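The structure under discussion appears below in the form of structure tokens.
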Amino acid sequence: MKAHLTDLLFAAVGQLTNEVNLSQIVIDRPKLIEHGDFSTNIALVLSKILKKSPRDIAQLILDQMPKTEYFEKIEIAGAGFLNFFLGAHSHQIIINQVIEEKELYGKNQIGQGKKVQIEFVSANPTGPLHVGHGRGAAIGDSIARLFEFSGWEVTREFYYNDAGAQIDNLTRSVKARALNISPENQDFPEEGYRGDYIADIANAYLAKSSLECQGQQVQASGDIEDEESIRNFSIAYLRNEQDQDLAAFKTAFDVYSLESDLYKNGQVNFVVDTLVKEGHTYEKEGALWLKTTDFGDDKDRVMKKSDGGFTYFVPDVAYHLDKWTRGFKRVINEQGADHHSTISRVRAGLQGLNKDIPLDWPEYVLHQMITVMKNGVEVKISKRAGSYVTLKDLVDEVGCDATRYFLSARRADSQLIFDIDLAKSQSNDNPVYYIQYAHARIEGVLNQWGGDKKTLGVSKDYAFESLAEKKLIKRLSEFPEVIKQATDELAPHQIANFLKDCAAELHSYYNDSKFLVDDEVTKLARLSLIYATQAVIKNGLALLGISAPEKM
RNA sequence: GCGCCUGUAGCUCAGCUGGAUAGAGUACUUGGCUUCGAACCAAGUGGUCAGGAGUUCGAAUCUCUUCAGGCGCACCA
């Protein structure tokens, strides 16, 4: 319908001037229903070129527009806006299309089956997942769902830093606990992890527990001096726990990549050798440096420390070369904003490999930090001190649906405040229930009606009259556009906003109007409208990983 | 000091590829259930879009600048 309108406008404008191209014709969705279903400011844009007043130009365009049955009214408003109002014919088409397509409504094939890899969460296996990881999970998974909905072949991936210094630290911490050294004791590792979960791991280790991690059985030896065993068991224990937390958060991954594998497979060495060969390195003060300043960084970075170890970003580069080699022309990394300094380094490293990797590859979505409020005070998150708001706690206390909603309904850029007491105590006032209620409420009416949903549809003779109906229909028709924009901008919060507005209009319509009326045509038309609304809400919720209950 | 992000109603936040009277939730005030689900609806109160300058027919939106907050600027990850 929008494309149709674009054609009409293009035809009309083409009669007036050749100095405009199609891309300059912008068709908006007005916020106010009084301004129609579509509007364009093309007359204002043309006024300078044509040296006429915008309203005169609008009239000229109107005169040149081919006839169409889609709009019942086209008017010139304000400074020279052209407003288009959909008529009964369009209303029928929209609703019947939604009903016909159901769970497919809103989908598109922009991705054309191309591969995209989305990496998110990627927490280190040194502790339970916290609320920040939850935000990454909610946003990353929703972006993945959006891409799937837009016809991409999506790979969800989780990267484990299981080889660095923090793992040694984890091992020492667990060993200390196993030796019954408490965090308060001065013999406890200074930089050690002090959370209670460390003691849990130590106890499980001493009990010679066995656990499954990613399909592999890991057995604790129980030997306090066997640091290799402590290390393997601790990692497996925490990964296992993280996997469970993510499963409870309805977040699943296709691929888990391990930093340790990059060392084992020689990929890290390959990257270092290549960078040396390509001439982007130099030695200074016993260390090997990468000239990241050649690629836009503000200072050069050490790759290989004087003690022989690599700095953390080297395996990161190797990992991303691996992604590239696996054929992902599009890669999106969702991570906390505290890691944003890695962007320039990873990209610089990739450029240095001379593999024709685009400058802006990979793409990044960075979410800002979350401030957690509990009992009216801010909860400081410190892994080492063991002060925590875990994802598991949130899911247990607030629920998966509400937690996912809260964490993905805001722009990634915003430093959101998560008030646990509010989320818990006011769970009935929660926006997510408001949306789900609209879905369940519709189901209630349809059950009351008791007819066969397959027979629903708006007949050609029926014209919707009320403002509430027109608003709702306009909203439903916007869904595919919202999907495109949210996908394009990597911004799933737009879906949440859409759903809230859609639910509000449904509730408003519900109170405004009766559905189960005597007149059969009217009844079917109205039921069709809410049935279509239900489908859209369900599709939108699915994109956020939130359930659409039929009863609440 | 440098870089990135943010500043919109009492609070939490949308709106940011320039468009029409700046919106929602919450809080507060008032009204609506013998009637399809009141976890709902309707109406009202509430704004120097952090401050200033610029660009233009038009700026919350773009540019510059000041202020405030967050996060980064390691031979840590």
Side-chain angles (χ1 to χ4, degrees), chain A residues 26 28 30-32 34-35 39-41 44-45 47-48 53-54 77-81 83 124 126 161 163-167 169 191 259 284-289 297-299 301-313 315-316 336-344 364 366-369 371 373 406 409-419 422 426-438 440-449 468 485 488-489 493-494 496-498 500-501 503-504 506-517 523 526-527 530 551-552:
Chain A
V26 178
D28 285 320
K31 279 175 283 195
L32 299 174
E34 293 76 22
H35 294 152
S39 77
T40 180
N41 65 348
L44 285 80
V45 175
S47 79
K48 200 178 293 177
S53 85
F81 294 97
N83 294 336
N124 295 337
T126 55
N161 287 105
Q166 79 273 350
I167 297 297
N169 196 5
E191 297 293 307
E259 182 187 8
K284 191 176 87 177
E285 296 161 4
L288 182 67
W289 295 67
D297 204 354
D298 53 355
K299 59 174 103 165
R301 307 290 170 177
V302 168
M303 288 174 66
K304 193 174 185 179
K305 298 181 278 185
S306 52
D307 69 4
F310 295 109
T311 52
Y312 73 96
F313 85 94
D316 265 6
D338 53 337
H339 290 102
H340 84 253
S341 64
T342 67
I343 298 175
S344 57
Y364 285 85
L366 301 179
H367 64 257
Q368 294 293 320
M369 302 294 95
T371 303
M373 303 290 287
F406 266 97
R410 306 270 183 246
R411 290 165 62 215
D413 276 341
S414 73
Q415 299 158 208
L416 76 82
I417 295 180
F418 197 111
D419 188 328
L422 198 72
Q426 301 203 342
S427 61
N428 280 356
D429 265 336
N430 212 307
V432 72
Y433 294 114
Y434 180 81
I435 297 165
Q436 290 177 321
Y437 180 49
R441 216 176 186 189
I442 292 167
E443 190 64 26
V445 177
L446 293 171
N447 281 337
Q448 186 77 23
W449 168 57
Q485 186 170 339
D488 198 45
E489 298 180 10
H493 75 277
Q494 292 176 3
N497 290 335
F498 172 88
K500 208 183 59 183
D501 292 338
L506 182 280
H507 288 309
S508 186
Y509 180 38
Y510 188 98
N511 279 63
D512 172 71
S513 167
K514 193 154 176 72
F515 308 116
L516 300 177
V517 293
K523 182 170 71 182
R526 291 180 181 171
L527 287 174
I530 61 170
K551 270 188 199 156
M552 293 175 69

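Each chain gets a letter, A, B and so on, in the order its sequence line appears, and its residues count up from 1. Please read all numbers here as calculations on a predicted model, not as lab measurements.
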### Task
Pick the C1' atom in B:rU35 and in B:rA24, then give their distance to the nearest Å.
30 Å
### Message
For a quick check of understanding: with a heavy-atom distance under 4.0 Å over all strands, which category does A:S53 fall into, base, sugar-phosphate or nothing?
### Response
nothing
### Task
Provide the Watson-Crick or G-U wobble partner of B:rC62, both distances under 3.5 Å; none if there is no partner.
B:rG54
### Query
Quick one: is B:rA39 close enough that its OP1 or OP2 comes under 4.0 Å of any side-chain N or O from A:Y437?
yes
### Message
For a quick check of understanding: with a heavy-atom distance under 4.0 Å over all strands, which category does A:A77 fall into, base, sugar-phosphate or nothing?
### Response
base
### Task
Determine whether more than 12 heavy atoms belonging to other residues, nucleotides or ligands lie under 6.0 Å from atom NZ of A:K31.
no
### Task
Look at A:Y364 and B:rC5 and indicate whether a side-chain polar atom (N or O) is within less than 4.0 Å of OP1 or OP2.
no
### Query
Touch check for A:N83, heavy atoms < 4.0 angstrom, all strands: base, sugar-phosphate only, or nothing?
base
### Message
Across nucleotides 10-17 of chain B, 5' to 3', mark each nucleotide with B, S or - according to how protein heavy atoms within less than 4.0 Å reach it.
### Response
--SSSSB-
### Task
For nucleotides 71-77 of chain B, just jot down a letter per nucleotide in 5' to 3' order: B, S or -, based on protein non-hydrogen atoms under 4.0 Å.
BSSSBSB
### Message
Given B:rG37, B:rA20, B:rG32, identify the nucleotide with an atom nearest to the side chain of A:V445.
### Response
B:rG37
#### Entry: Full working for ring-ring contact (aromatic ring centres under 6.0 Å, His included) between A:Y437 and A:H507
CA-CA 9 Å; A:Y437 180 49; A:H507 288 309; 5.3 Å; yes
### Message
Students often get this wrong, so: under 4.0 angstrom with heavy atoms, is A:T371 touching a base, only sugar-phosphate, or nothing?
### Response
nothing
### Query
Phosphate oxygens OP1/OP2 of B:rC40: is one of them under 4.0 Å from a side-chain N or O of A:S508?
no
### Message
Is there aromatic stacking of A:F515 on B:rC36 here, judged by a ring-centre distance under 5.5 Å and a plane angle under 30°?
### Response
yes
### Message
By the 4.0 Å heavy-atom rule, please label A:H507 as base, sugar-phosphate, or nothing.
### Response
sugar-phosphate
### Watson-Crick or G-U counterpart of B:rC4, or none if no pair lies under 3.5 Å
B:rG70
### Summary
Applying ring pair (Phe, Tyr, Trp, His ring centres under 6.0 Å) to A:F310 and not counting sequence neighbours gives none
### Query
Counting side-chain heavy atoms from CB outward, which of B:rC36, B:rG19, B:rA39 is closest to A:Y433?
B:rA39
